[in-house]
There are 2 protein chains.
Amino acid sequence: MKTKRQIQKEATRKLILDTAYQVYADEGFAATTNKIAKAANVSHGTIFVHFPTVECLIICLLERFGSEINEHLHILSEKDENLETFLAAHINVLIRYEDFYKRLISEINSLPQEAKYVFINIQSVVSFHLNQVIEREKDKIAIKDIPMHIIFNSWLGLIHYYLTNNYLFTVGSVLTEHKDELILNYIKLIEK
Amino acid sequence: MKTKRQIQKEATRKLILDTAYQVYADEGFAATTNKIAKAANVSHGTIFVHFPTVECLIICLLERFGSEINEHLHILSEKDENLETFLAAHINVLIRYEDFYKRLISEINSLPQEAKYVFINIQSVVSFHLNQVIEREKDKIAIKDIPMHIIFNSWLGLIHYYLTNNYLFTVGSVLTEHKDELILNYIKLIEK
DNA sequence: CATTTCATTGACTCCAAACTCATTGACTTT
DNA sequence: AAAGTCAATGAGTTTGGAGTCAATGAAATG
């Protein structure tokens, strides 16, 4: 059985991670530990009781984020979705984490190497599932004779372009606003 | 006529800008004024003689970069290129500035607002020229019935995706390596 | 040639962020 | 209930970068 102390400690750790997630989503990964501590209503030193360095905090956060996305997409691939509903589901997952994801793709290159690995994993999972769905749909939709990686990279490229250039298009959630347009036109692009 | 002093001052200013360009290309915009000063073989204070703040230095740098890209593309649009040669020319311009451009698209969201405006301008120019070329080619190539902005955003999305995820694909210049593949498949995508 | 101007210098200040650690007091153990 | 443990605290230390400014000497001026 867990002691009060253990429960408390785990709760604090979770609180710090949850708060860091929100603060980073709002301000980007340049946000300071000070901000996080204040937002979590925890003293500055407490952060370093739970994470030896900020870098560790960030990596831990990304790993947690990766698992969450993983779970969502895994559930998705169980049902036999068609291409359109799969793309919609993918966008819906991203909408759920939109602010954070936006920061992530925008700042991934200034994060530590380990963070990049976590990020590559996330993308691999999506790629794998898209691959499966398209394979399944081949007899229903005629898809152009283009390498799978280009198919995948144009999809993610398009989505990421809209996300990183958010400010060009809208003030709210780009994905919510352009979801249907993106899916529709992307399918048109890859169809024969 | 210019005095020795004026010439010297302008030369130093240019030296700082050129060096900053290289340092930022190598290390990203988080690189310090200290690094730039050392690389330019100039004292730290000199930078602030020419630019009141780092922010000003960066914006000046981007404006210069914008004009250069502008020039390249303008020359391009004079001749009547076809779609394939236009895309190739666009990639060639980007290859010329690849390291810097990569940093730019990757870190644009952490740069000051003014920098974003400069960046939007650069993209608008490319968009405009692509538009023209496609308009001209409409009777030669059958292009899908898709809004122009999606056509444009998929192109830039694809290119930017390859650039920001550089590390996934290659150690050298992604664009040099994937140029032909990207152009070929992109045209396949937008063709009927 | 004497005087003035001014581009350059680099040591200095200021500031903000990451990280430390002695102290506290609630919880656990005996 | 006394002794021991440890999560949390927050003031303090360290580090490093942006920006300042009095001093310097080469160039311009008269």
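Note on naming: letters A, B, ... go to the chains in the order of the sequence lines (proteins, then strands), and numbering restarts at 1 for each one. Atoms considered below: every heavy atom in the structure, side chains included; atoms not considered: hydrogens, waters and symmetry mates.
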Inset, instruction - Compute the centroid of each ring, for Phe100(B) and then for Tyr21(B), and state whether the two points are separated by less than 6.0 Å. - result: yes
Legend entry - Side chains of Glu181(A) and His178(A), donor plus acceptor under 3.5 Å: yes
Legend entry - Pairing of Lys140(A) and Glu137(A) as salt bridge, 4.0 angstrom limit: yes
Inset, instruction - Could you tell me whether Lys144(B) and Glu191(A) make a salt bridge, using a distance below 4.0 angstrom between a side-chain N and a carboxylate O? - result: no
Inset, instruction - Using a cut-off of strictly less than 4.0 Å between a heavy atom of the residue and any atom of DNA chain D, enumerate the qualifying residues of residues 6-17 of chain A by number. - result: Gln8(A), Lys9(A), Thr12(A)
Inset, instruction - Could you state the atom-to-atom distance from NZ of Lys2(B) to P of dA7(C) in whole Å? - result: 14 Å
Inset, instruction - Answer yes when Glu27(A) and Arg103(A) have at least one side-chain N-carboxylate O distance shorter than 4.0 Å, and no when they do not. - result: no
Inset, instruction - Calculate the interatomic distance between His50(B) atom NE2 and dG19(D) atom P; express it in whole Å. - result: 16 Å
Legend entry - is_close_aromatic(Phe65(B), Tyr97(B)), centroid dist under 6.0 Å: yes
Inset, instruction - Tell me which residues in residues 26-47 of chain A put a heavy atom below 4.0 Å from DNA chain D, sorted by number, or none. - result: Val42(A), Ser43(A), Gly45(A), Thr46(A)
Inset, instruction - For the helix from dC1(C)-dG30(D) to dT30(C)-dA1(D), figure out the bend between the end axes, five pairs an end, and round to 10 degrees. - result: 0°
Inset, instruction - Determine yes or no for a side-chain-to-main-chain donor-acceptor pair under 3.5 angstrom, with Arg13(B) supplying the side chain and Gln8(B) the backbone. - result: no
Hey, can you pull the donor-acceptor pairs under 3.5 Å for the side chains in residues 104-131 of chain B, sequence neighbours left out?
unit_1    : atom_1 : unit_2    : atom_2 : d
Ser106(B) : OG     : Asn109(A) : ND2    : 3.4
Glu107(B) : OE1    : Phe29(B)  : N      : 2.8
Asn109(B) : ND2    : Ser106(A) : OG     : 3.4
Asn109(B) : ND2    : Thr164(A) : O      : 3.2
Ser110(B) : OG     : Glu107(B) : O      : 2.9
Gln123(B) : NE2    : Tyr161(A) : OH     : 2.8
Ser124(B) : OG     : Ile120(B) : O      : 2.8

Inset, instruction - Could you identify which residues cluster with Leu15(B), counting Ile, Leu, Val, Met, Phe, Trp and Tyr as linked when any side-chain heavy atoms lie under 4.5 Å apart, either directly or through a chain of such contacts? - result: Val42(B)
Legend entry - Salt-bridge contact Asp18(A)-Lys14(A) (side-chain N to carboxylate O under 4.0 Å): yes
Inset, instruction - Please check if the side chain of Thr170(B) supplies one atom and the backbone of Asn166(B) the other of a donor-acceptor pair under 3.5 Å. - result: no
Inset, instruction - Pick base, sugar-phosphate or nothing for Val49(B), based on heavy-atom distances below 4.0 Å to the nucleic acid. - result: base
Legend entry - Donor on one side chain, acceptor on other, His50(A) and Glu10(A), under 3.5 Å: no
Inset, instruction - Consider the side chain of Phe48(B), meaning its heavy atoms from C-beta on, and name the nucleotide among dA26(C), dA8(D), dT20(D) that approaches it most closely. - result: dT20(D)
Inset, instruction - Hey, which sits more toward the 5' end of DNA chain D by its nearest nucleotide, Arg5(B) or Arg5(A)? - result: Arg5(A)
Interface polar pairs with nucleotides 1-3 of chain C, N/O, under 3.5 angstrom:
none

Inset, instruction - Group every Ile, Leu, Val, Met, Phe, Trp and Tyr by side-chain heavy-atom contacts under 4.5 Å, then state whether Ile91(A) and Leu184(A) land in the same group. - result: no
